[in-house]
Amino acid sequence: MDFESNYDIAATSDFIRTHNFTRVALQFPDDLLKDSTRVVAVLRKRLQSLRESDITVSGEETEIGLYVMADTAYGSCCVDEVGASHINADCVIHYGHTCFSPTTALPAFFVFGKASIGIADCVESMSQYALTNSKPIMVLFGLEYAHSTQQIRKELLESSTCKSDLKSEVHFADVPSPYMFPSKDMKKLSGIQEEACGCGNNSSSDEANGIIYNIGGLTWKLPEGQSMEDYSLFWIGQDNSAFANVVLTFNACEIVRYDATKNQMVTDLSQQRRILKRRYYLVERAKDANIVGILVGTLGVAGYLHIINQMMELITAAGKKAYTLVMGKPNPAKLANFPECDVFLYVSCAQTALLDSKEYLAPVITPFEATIAFNRGSQWTGAYVMGFGDLINLPQVQAGNQEEARFSFIRGGYVEDFENQAENVEEEREDLALANATEKALQLRDNCNTLIKGDAKSGAEFFANRTYQGLNMPEENTTPQPFVTGRKGRAAVYEDENNKH
Amino acid sequence: MVKFTADELRAIMDLKHNIRNMSVIAHVDHGKSTLTDSLVAAAGIIAQEVAGDVRMTDTRQDEAERGITIKSTGISLYYEMSDGDLKNFKGEREGNKYLINLIDSPGHVDFSSEVTAALRITDGALVVVDCVEGVCVQTETVLRQALGERIKPVLTVNKMDRCFLELQLDPEEAYLTIQRVIESANVIMATYEDPLLGDVQVYPEKGTVAFSAGLHGWAFTLTNFAKMYASKFGVDESKMMERLWGENFFDPITKKWTTKNTGSATCKRGFVQFCYDPIKQIIELCMTDQKDKLWPMLQKLKVNLKSEEKELTGKALMKRVMQSWLPASSALLEMMIFHLPSPSKAQKYRVDNLYEGPLDDPYASAIRNCDPEGPLMLYVSKMIPASDKGRFYAFGRVFSGKVSTGTKVRIMGPNYIPGEKKDLYVKSVQRTVIWMGKKQETVEDVPCGNTVAMVGLDQFITKNATLTNEKEIDAHPIRAMKFSVSPVVSVAVTCKVASEIPKLVDGLKRLAKSDPMVVCTISETGEHIVAAAGELHLEICLKDLQDDFMNGAEISISDPIVSFRETVLEKSSHIVMSKSPNRHNRLYMEARPMEEGLAQAIDDGRIGLRDDPKNRTKILSEEFSWDKDLTRKIWCFGPETTGPNMVVDTCKGVQYLNEIKDSVVTGFQSASKQGPMAGESMRGVCFEICDVVLHSDAIHRGGGQITPTARRVCYAAMLTAKPRLLEPVYLVEIQAPEHALGGIYSVLNQRRGHVVEAIQRPNTPLYNVKAHLPVIESFKFNEALRAQTGGQAFPQLVFDHWDLVPSDPLEPGTPAAARVIDIRRKKGLKEQITPLTDFEDKL
């Protein structure tokens, strides 16, 4: 496939041109970075020629600045708005796989790339599947295959007319428009998203009757009275995070995957199904947590601030302690620096949100899971939501019944988080607080100097239990020490060290 | 027709000297429930005629169907003694009216948690032993438990009718058999010498042993007969009682007592002469319908039968005659009243065992004195499902104070720590209820010394708790119960319809509450796990879950899951090293197996981090020949900081070592919880830190760098030390006749079991077989055994120990490797064990 069409040079330049952007940031994922210089060169040439042909309109136009951004701090599927604002860009062109998370401030243009696909084979598999399936089929696809859906649709139509024994109808999701404008208006955002989560009522923007679904850039509409459970899903593309997202969100549907690189159908999705169960376990774990670390994994996705605040409120209301950490691309080693956190809450775009590995010492959950875990009375029903917008509009569960103590399946019994008992202790007057604290301190305790994870109520309490408390302050000789010259070199071997690590 | 009313009952509750709280304990099928029936009959709740057939305390349908008791059931009995009966009673009493709170407990080993719960709230125990089968495993287990709780036992030798009817034993032989039964019980009791509890052994001549036939509703103690003969011989009752047991012989011709058998044909042992023979005679007369000889005898014994009863023949007649002559209730109740302690007496010595706090605080002394005016101390030992679905009664014992309807109580859960607010609730009691078999009576309040059921607390108590008054904020809880069994068999349950998860969750919550032993948890893979003590227990629990607690939602149940352990066989082949993610820190470690018995000692809580270090040093150096210096360098135990694995620091002169201790400990905790092979917990592995190289900047040797590295190096050390799997093994005890032994052996052989011992019970055709059987092979063992032996062998399975799976799990194709793959697949891990190279780094 030729370079210009793969990188959508024409459409990109048209987009820049029509909106009169002057500073454009080009965001490449690591694996496409090698092509960046060529893309810039071709794009510049194209823009140049466009300008020349269009010279009549405005003569003294400034040069359009193109900037390549590499190594995003967060997921490479999201638009790196912070990075772009470093160069004062007024739009971002995003290359490669994307999660289509709405942006906060900058307009964005997405270039999905065009992966090759054996169309005939794909159509064959699809009609095979349709033959055996009684439910109508909804075809979803990885965005890199968006370019070929038209053709697949056409060929399928042809093959079905000649065979005409397809039992079930086949629907296709719409190819998304490749550009996006920020919706600063939260209301509008929620309006769109409300439909997306399928539980909202149809707002005025929606003329025809039906529910619009929206996931990872794909949109489609179902006629009224039907839900996704009535459909089987057919996914064209890789087994990547976008697919995992679909499997989790529509976990009640039957899903098959067509692997375009291997030209084969994958029907065994037990691994993906396991993910959902595993998430369920993590939610149960989170319920027992006392200290929650909120990991901010995005500074771009629209509504992230709102979510963080919402999560903070939720956590405090549940009587737990929250710490906010900004961390790009979390890994077990980074998170192990915060051993006091019993659970991490990862606020990021829908497709990077699922972090799970046995390597992590504490579970990492998504905001949606947190609402289940920390909201008394809300229950895991199997429904799953990934995006922020959906979450903001999630119907609020009423305060839950305080009648019953919380049952922990991790410990196999009732446990009570102590803040929920506030009503019991309100009689305890302020002036007694000190006395109580002293009394507690004077109580004879077991000589126990081990850290029992999950017992501390706050970071400070956790650190107080550690055996190593940090350097001891010298009791005497508090005069300031003289200056010393610091070390030089890399951490591996400083210049004053000569041991061979 | 109920002989007493709730009001009468309530009135006696205040007379703390006239209360007896007791449980009936025994091996399965020795006749507890049947015997209990005859006691209940005396209180008039069920008709005398059907006593022995109803099993009043088996309230559940499945209990009735299977003919075994599953849940312990409480029942309050009211009994009035005559002044004559009480003239020999030395203890304190107030009037002649007695209240007996009786708890019938299950005998099957799977339900021994129910026994534990019953023992906690009673002061005395009626130990029932089958006169033919003798003292069995479960008799021994429950007896030990009772003594551990400072429960005073009395014994009844049950199924005496078998001696007369089934076995037709020669009287002297019968005496020896009975004596052997009593002796073997005494052997167990003798090991528990407790100065506070006093001598707990039982003696027929002191009246602490009864002889009963539960099925026919009769029983006697030597007291009964002593009373009868004392006047005749002109000696006092106690003297007479001594003569009726042991080496005392009487010759009716010479009318002389001797301590040896004179050899004359008419010289017989006192017991035989005066107790056994008369009973035998009457039974024979009844069975052969020789009514002409029977009536005069009965007249002599002052037994009056109603005219319609005289029409009975055979067994029915025998039952009626014996019931009238030696009613089980009076013999047993008298024995309890005379020899079991009242709450006020028992709590004096039980308080040390019960109360966790200082023994001189007001709560301890209130318990000690059984003070109804003192602060409320109440222990909830179990939850009983109420008739309205999903709710539970909290059932327990008031140790001091009074609990009444509307009382606001502090609920201290099992994890409550005085001074903190964890696991602590304040709620009010909606209703207080006393239990009378199948029905309940609401009462205004219940004073100390009694058992009580409460409504309105079930949403805050999982299984057990200590209750006290709202204001008593400095009270410590009552010590948690210690169970003799642990949940080893588990299954995963899922609901058939995915959206019904909330129903399942709710059902599991209730299940967890309804049984003191069952544990409902969730696995790492997100499956709900129900763990129980045995296969039967699990079956009952799942049935309850599905039928009663789920509102009809269907569940599917996985195959049984058996948890394994990972251990090592040798010291690591070399010292392994792992580098931190930034490559600036290196940890060197070795793994070695712990000394034999050390893991067990840690499990038993003899060695732990919370102990006095001096004590730990002593045990380790004396029993396990550890170096004394090394014992001070134990960093931690794990998993969960108490498990049977540890990290020991053996390095010398390493800078910053104290800084990384916490991080290493954290890494080790997670590593020991999920071993490198199958992700099962480790057991009996000692990790020795040999050397550490750390970066000189604190920032580069933080938790983020050390914790994951510590975990990796633990795994690497383990993989180089010949890792092995451990599997749980049951101790199986089977009682069967000789000709069934072949079947037993073949079933055991098929299932990798091996026999430890097989002993014949003296004077019986029964054999006692003890064997070890891997838990994983034990499913459907019961059925297989029954099929092979024609239903004559009945096994009892108790978890015994962890046994090494001999083959190498790292070598493909071995049974252990297959097992590892199986576990990994279930857990959703990659089938291949992560190779050593992923954990160990090269310099």
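Below, each value reflects all heavy atoms present in this structure, side chains not excepted, and no hydrogens, waters or symmetry copies. Everything quoted here is computed from the prediction, not taken from an experiment. Every chain is numbered from 1 and lettered A, B, ... according to where its sequence line falls, protein lines coming before strand lines.
- In plain terms, the two heavy atoms of Tyr360(A) and Arg711(B) that are nearest each other are N-NH2, 4.2 Å.
- The parts of Thr525(B) that come within reach of chain A are both its backbone and its side chain, each placing non-hydrogen atoms under 4.5 angstrom from that chain.
- Of all the heavy atoms in Ala336(A) and Pro708(B), the pair that sits closest is CB-CD, 4.2 Å.
- One distance of note links CG of Asp697(B) with OH of Tyr494(A); it measures 3.5 Å at 0.5 Å rounding.
- Considering only heavy-atom pairs separated by less than 4.5 Å from chain A, the leading option among Gly704(B), Gly526(B), Cys520(B) is Gly704(B).
- Neither the backbone nor the side chain of Arg279(A) comes within contact range of chain B; no heavy atom of the residue lies under 4.5 Å from a heavy atom of that chain.
- Within the 4.5 angstrom heavy-atom criterion, no atom of Glu500(B) approaches chain A.
- Contact tally against chain A (heavy-atom pairs below 4.5 Å) for Asn658(B), Val518(B), Asn585(B): the top residue is Asn658(B).
- Residue Lys673(B) does not touch chain A at all, counting heavy-atom pairs closer than 4.5 Å.
- Interface residue Thr521(B): backbone and side-chain heavy atoms are both found under 4.5 Å from chain A.
- For Val505(B), the parts lying under 4.5 angstrom from a heavy atom of chain A are both the backbone and the side chain.
- Open room surrounds NZ on Lys408(B); 12 or fewer heavy atoms of other groups in view lie less than 6.0 Å from it.
- Looking only at heavy-atom pairs under 4.5 Å with chain A, the residue among Gly679(B), Pro581(B), Ser696(B) that has the most is Ser696(B).
- Rounding to the nearest 0.5 Å places CG of Leu335(A) at 11.5 Å from OG1 of Thr707(B).
- For Lys488(A), the NZ atom sits in a loose shell: 12 or fewer heavy atoms of surrounding residues, nucleotides or ligands are nearer than 6.0 Å.
- No more than 12 heavy atoms of other residues, nucleotides or ligands lie within 6.0 Å of NZ in Lys321(A), so this atom counts as exposed by the packing criterion.
- The two residues Ser670(B) and Leu361(A) make their nearest non-hydrogen contact at OG-CD2, 3.7 Å.
- With chain A as the partner, the residue from Lys463(B), Glu524(B), Gln674(B) showing the most heavy-atom pairs under 4.5 Å is Glu524(B).
- In this structure, the portion of Ser523(B) lying under 4.5 Å from any heavy atom of chain A is its backbone and not its side chain.
- Using a 4.5 Å cut-off between heavy atoms, Ile461(B) contacts chain A through its backbone alone, with no side-chain atom that close.
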